[in-house]
Visitor: 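The structure follows.
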Amino acid sequence: QIQLEEIGGGVVQPGGSLRLSCVASGTMFPFIFVGWYRQAPGQGREYVAQIFNNWSTNFGERVKGRFTIPRDDAKNTVHLDMSDLRPEDTAVYYCTLNRNIWGRGTQVTVSS
């Protein structure tokens, strides 16, 4: 079965940028969508963004205009490019393939 791995978490200052990558162990195709979710301590999982097979995208209201979700089909990778990061973006970020397969998550901490 295909596996997903999130790469690129870390600590960043408010206002900074960070790229996360969701790398699949095999081909992700065909897929319906690849999505990003996040979970902050003591809170439920929050929808962040998704990209569909037809390249259309959707974003959660809290990240719209600050995050983008480019993909690299040749590398079976979907990125999450985050800019203007805020302390409230601190969370574990997960990627998912059709909400059927999930990665283990990567920690993003926004702090000065």
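Along the sequence shown, residues carry numbers from 1.
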Visitor: Would V92 end up clustered with V110 when hydrophobic side chains under 4.5 Å apart are linked, directly or stepwise?
Guide: no
Visitor: First locate atom CG of L4, then atom OG1 of T96, and finally report the distance between them rounded to the nearest 0.5 Å.
Guide: 7.0 Å
Visitor: Under the ring-ring contact (aromatic ring centres under 6.0 Å, His included) rule, what pairs show up with a residue in residues 89-109, not counting sequence neighbours?
Guide: Y37-W102
Visitor: Give the table of side-chain donor-acceptor pairs shorter than 3.5 Å for residues 49-56, with sequence neighbours excluded, one pair per line with atom names and distance.
Guide:
| residue | atom | partner | partner atom | Å |
| --- | --- | --- | --- | --- |
| Q50 | OE1 | Y47 | OH | 3.1 |
| N54 | OD1 | S56 | N | 3.0 |
| N54 | OD1 | S56 | OG | 2.7 |

Visitor: Show your reasoning for whether side-chain contact (heavy atoms from CB on, under 4.5 Å) applies to R38 and V108.
Guide: CA-CA 9 Å; R38 66 187 182 186; V108 172; over 6 Å; no
Visitor: Calculate, to the nearest 0.5 Å, the distance between atoms CD and CD belonging to E88 and E46 respectively.
Guide: 10.0 Å
Visitor: Do the side chain of S83 and the main chain of R66 share a donor and acceptor less than 3.5 angstrom apart?
Guide: yes
Visitor: Measure the CG-CD distance between L18 and Q13 for me, rounded to the nearest 0.5 Å.
Guide: 12.5 Å
Visitor: More than 12 heavy atoms of other residues, nucleotides or ligands under 6.0 Å from CZ of R19: yes or no?
Guide: yes
Visitor: If Ile, Leu, Val, Met, Phe, Trp and Tyr residues are connected whenever their side-chain heavy atoms lie under 4.5 Å apart, and connections chain through other members, are V34 and V23 in the same group?
Guide: no
Visitor: Would you find a donor on one side and an acceptor on the other, under 3.5 Å apart, between the side chain of E6 and the backbone of R104?
Guide: yes
Visitor: Are D73 and R71 side-chain neighbours, meaning at least one heavy-atom pair lies under 4.5 Å?
Guide: yes
Visitor: Is there a chain of hydrophobic side chains (I, L, V, M, F, W, Y, each step under 4.5 Å between heavy atoms) that links F33 to W36?
Guide: no
Visitor: Should D84 and F67 count as side-chain neighbours, where that means a heavy-atom distance under 4.5 Å?
Guide: no
Visitor: Can you tell me how far the OG atom of S21 sits from the CG atom of D81, to the nearest 0.5 Å?
Guide: 8.0 Å
Visitor: Do side-chain atoms of S111 reach the backbone of T109 as a donor and acceptor pair under 3.5 angstrom?
Guide: no
Visitor: Atom CG in L80, atom OG1 in T68: separation rounded to 0.5 Å?
Guide: 7.0 Å
Visitor: Is it the case that atom CD in Q3 sees more than 12 heavy atoms from other parts of the structure closer than 6.0 Å?
Guide: no
Visitor: Just how far is it from atom CD1 of I101 to atom SG of C95, taken to the nearest 0.5 Å?
Guide: 10.0 Å
Visitor: State plainly whether one hydrophobic cluster holds both I2 and V78, where clusters connect Ile, Leu, Val, Met, Phe, Trp and Tyr through side-chain heavy atoms under 4.5 angstrom apart.
Guide: yes
